[in-house]
Amino acid sequence: MQGIVKEPKGTPWREAQERDLKTALKGISGDIPVIFVSGNHDLGNTPTPETVDDYCQQWGDDYYSFWAGGVFFLVLNSQLFFDHSKCPELKAAQDVWLRDQLAVAGQRKCKHAVVFQHIPLFLKTPDEENDYFNLEKSVRQDLLEKFHKAGIKVVFSGHYHRNAGGSYNGLEMVVSSAIGCQLGEDSHGLRVVVVTAEKIVHRYYSLSKLRDQGLDKDLLDLLK
């Protein structure tokens, strides 16, 4: 779940949004793990030790890794890549941790290695110009090289409120639109991802199509 609440810290509706979301999450079966990916509305465009600590108190670690079905997942705090001017120590700590985690991925003992982060590395092409919705070029290139070397297969992001994406040396950058506020032509929806031993297949569904038609047959066949 990316970009957990819409209103920034300190705004009038923040606490109500957090309360409503926690109430809604109680309706999810306990058999379904829910993971959180911090974003700009959670930590601020320029995070501070205080905003990061508040997030961790409410939702858990701002970066972490986990295994599921032989797949290695990394969840990153991309706000630290975007602007760490007010919390350089936190950025340095994540960098050290990430180096060690990528070393694990680089051993190629997992079926796939996948990254979740709120801000995309890029929206369409790896060499595109800097934008509010992507990471700065030097930061982007550094991460792309590290991810590629470690064998990361896919990076899943949000932030853009539109569907987008591209590839870099076999690494796929997937940018998903929002279940709520849309900034483009996409419908309110979500991305369904099916992971098998051989591949990772994903598809964006509008909420209405998912409700009326369900998953496409080819995705259902992969789940058998």
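In the hydrophobic clustering of this structure, Val139 groups with Leu171; members are Ile, Leu, Val, Met, Phe, Trp, Tyr whose side-chain heavy atoms approach within less than 4.5 Å, directly or through other members. Linking ILVMFWY side-chain heavy atoms closer than 4.5 Å, directly or via other members, places Leu223 and Val195 in two distinct hydrophobic clusters. Both Val71 and Ile35 are assigned to one and the same hydrophobic cluster, defined by single-linkage of ILVMFWY side chains at heavy-atom distances under 4.5 Å. Linking Ile, Leu, Val, Met, Phe, Trp and Tyr whenever their side-chain heavy atoms come within less than 4.5 Å puts Trp59 and Ile32 in one cluster. Val193 and Leu222 are members of different hydrophobic clusters when ILVMFWY side chains are connected at heavy-atom separations under 4.5 Å.
With values rounded to the nearest 0.5 angstrom, Leu121 atom CG is found 6.0 Å from Ser157 atom OG. The CG atom of Leu102 sits 4.0 Å away from atom CG of Leu98, with the distance rounded to the nearest 0.5 Å. Once rounded to the nearest 0.5 Å, the distance linking CD1 of Ile200 with NE2 of His112 reads 5.0 Å. Atoms CD and OG1, on Glu128 and Thr125 in that order, are 4.5 Å from each other to the nearest 0.5 Å. Taking CG of Asp54 as the start and CG of Leu43 as the end, the distance is 9.0 Å to the nearest 0.5 Å.
Taking the side chain as every heavy atom from C-beta outward, Tyr168 and His148 approach each other to under 4.5 Å. Side-chain contact check for Phe66 versus Phe72: every heavy-atom pair is 4.5 Å or farther apart. The closest side-chain heavy-atom distance from Pro120 to Leu135 is not below 4.5 Å. Two residues are said to be in side-chain contact when any heavy atoms from C-beta on lie closer than 4.5 Å; Val114 and Leu74 fail this criterion. In this structure the side chain of Ser38 reaches within 4.5 angstrom of the side chain of Asp62, judged on heavy atoms. Using a 4.5 Å heavy-atom threshold, the side chains of Leu215 and Val192 count as touching. Using a 4.5 Å heavy-atom threshold, the side chains of Asp216 and Asp218 count as touching. Side-chain contact between Val194 and His202 is absent, with no heavy-atom pair separated by less than 4.5 Å.
For Leu207, the side chain to side chain contact (heavy atoms under 4.5 Å, CB included) partners are Ile179, His188, Leu190, not counting sequence neighbours. Take Lys217 and apply the salt bridge (charged side-chain N to carboxylate O under 4.0 Å, His left out) test, not counting sequence neighbours, and it matches Asp221. In this view, Asp53 satisfies the salt bridge (charged side-chain N to carboxylate O under 4.0 Å, His left out) rule with no residue, not counting sequence neighbours. For Lys91, the side chain to side chain contact (heavy atoms under 4.5 Å, CB included) partners two or more places apart in sequence, or in a different chain, are Leu80, Phe81, His84, Asp95. A search for salt bridge (charged side-chain N to carboxylate O under 4.0 Å, His left out) contacts involving Glu129 returns Lys137, not counting sequence neighbours. In terms of the side chain to side chain contact (heavy atoms under 4.5 Å, CB included) criterion, residue partners of Ser176 (sequence neighbours excluded) are, by chain and number, Asn163, Val174, Arg191. With sequence neighbours excluded, the residues satisfying side chain to side chain contact (heavy atoms under 4.5 Å, CB included) with Asp61 are Tyr64. Remark: Tyr205 engages no residue in a ring pair (Phe, Tyr, Trp, His ring centres under 6.0 Å) (not counting sequence neighbours). Not counting sequence neighbours, the partners of Lys146 by the salt bridge (charged side-chain N to carboxylate O under 4.0 Å, His left out) test are Asp142.
Listed here is the closest heavy atom pair of Asn40 and Gln79: N-OE1, 3.1 Å. Taking every heavy atom of both residues into account, Arg140 and Asn134 meet most closely at NH2-ND2, 3.4 Å. Closest approach of Ala164 to Leu123, counting heavy atoms only: CB-O, 3.3 Å. Minimum interatomic distance between Asn45 and Pro47 (heavy atoms only, all atoms of both residues): O-CD, 3.5 Å. Nearest heavy atoms, Cys87 versus Pro49: CB-CD, 3.9 Å. Considering all non-hydrogen atoms of both residues, Trp97 and Val75 come closest at CH2-O, 4.2 Å.
Residue pairs meeting the salt bridge (Lys or Arg N to Asp or Glu O under 4.0 Å) criterion with at least one partner in residues 63-90, sequence neighbours excluded, do not occur; the list is empty. The salt bridge (Lys or Arg N to Asp or Glu O under 4.0 Å) contacts involving residues 102-125 comprise nothing, where partners must be two or more places apart or lie in separate chains.
In this pair, Tyr160 and Phe133 present their aromatic rings perpendicular. The plane angle is above 60°, beyond the 30 to 60° band.
Taking the centre of each ring, Trp67 and Phe73 stay at or above the 6.0 Å mark.
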- prompt: Passes side-chain contact (heavy atoms from CB on, under 4.5 Å), Val175 versus Phe156? Steps please.
  reply: CA-CA 6 Å; Val175 185; Phe156 288 103; over 6 Å; no

message: Using the rule given for side-chain contact (heavy atoms from CB on, under 4.5 Å), can you reason through Val201 versus Lys199, listing the C-alpha separation, both sets of side-chain angles and the distance that settles it, and then say yes or no?
response: CA-CA 6 Å; Val201 181; Lys199 57 187 176 180; 4.0 Å; yes

query: For Glu172 and Ser167, what are the C-alpha separation, side-chain angles and deciding distance, and is it a side-chain hydrogen bond (donor to acceptor under 3.5 Å, both in side chains)?
result: CA-CA 4 Å; Glu172 187 176 11; Ser167 63; over 6 Å; no

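Side-chain atoms of Tyr204 come within 3.5 Å of backbone N or O of Ser187 as a donor-acceptor pair. Side chain of Gln213 to backbone of Leu210: no donor-acceptor contact under 3.5 angstrom is found. Formation of a donor-acceptor pair under 3.5 Å by the Gln94 side chain with backbone atoms of Asn77 is found in this model. With Asp42 contributing its side chain and Gly39 its backbone, the two residues share a donor-acceptor pair below 3.5 Å.
Exactly one of Gln117, His41, His118 qualifies for a side-chain hydrogen bond (donor to acceptor under 3.5 Å, both in side chains) with His159. That residue is His118.
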Identify each donor-acceptor pair in which a side-chain atom of residues 20-31 lies under 3.5 Å from a protein atom, sequence neighbours left out, and give them as a table.
| from | atom 1 | to | atom 2 | distance (Å) |
| --- | --- | --- | --- | --- |
| Lys22 | NZ | Gln58 | OE1 | 2.4 |
| Thr23 | OG1 | Arg19 | O | 3.0 |
| Ser29 | OG | Asp31 | N | 3.2 |

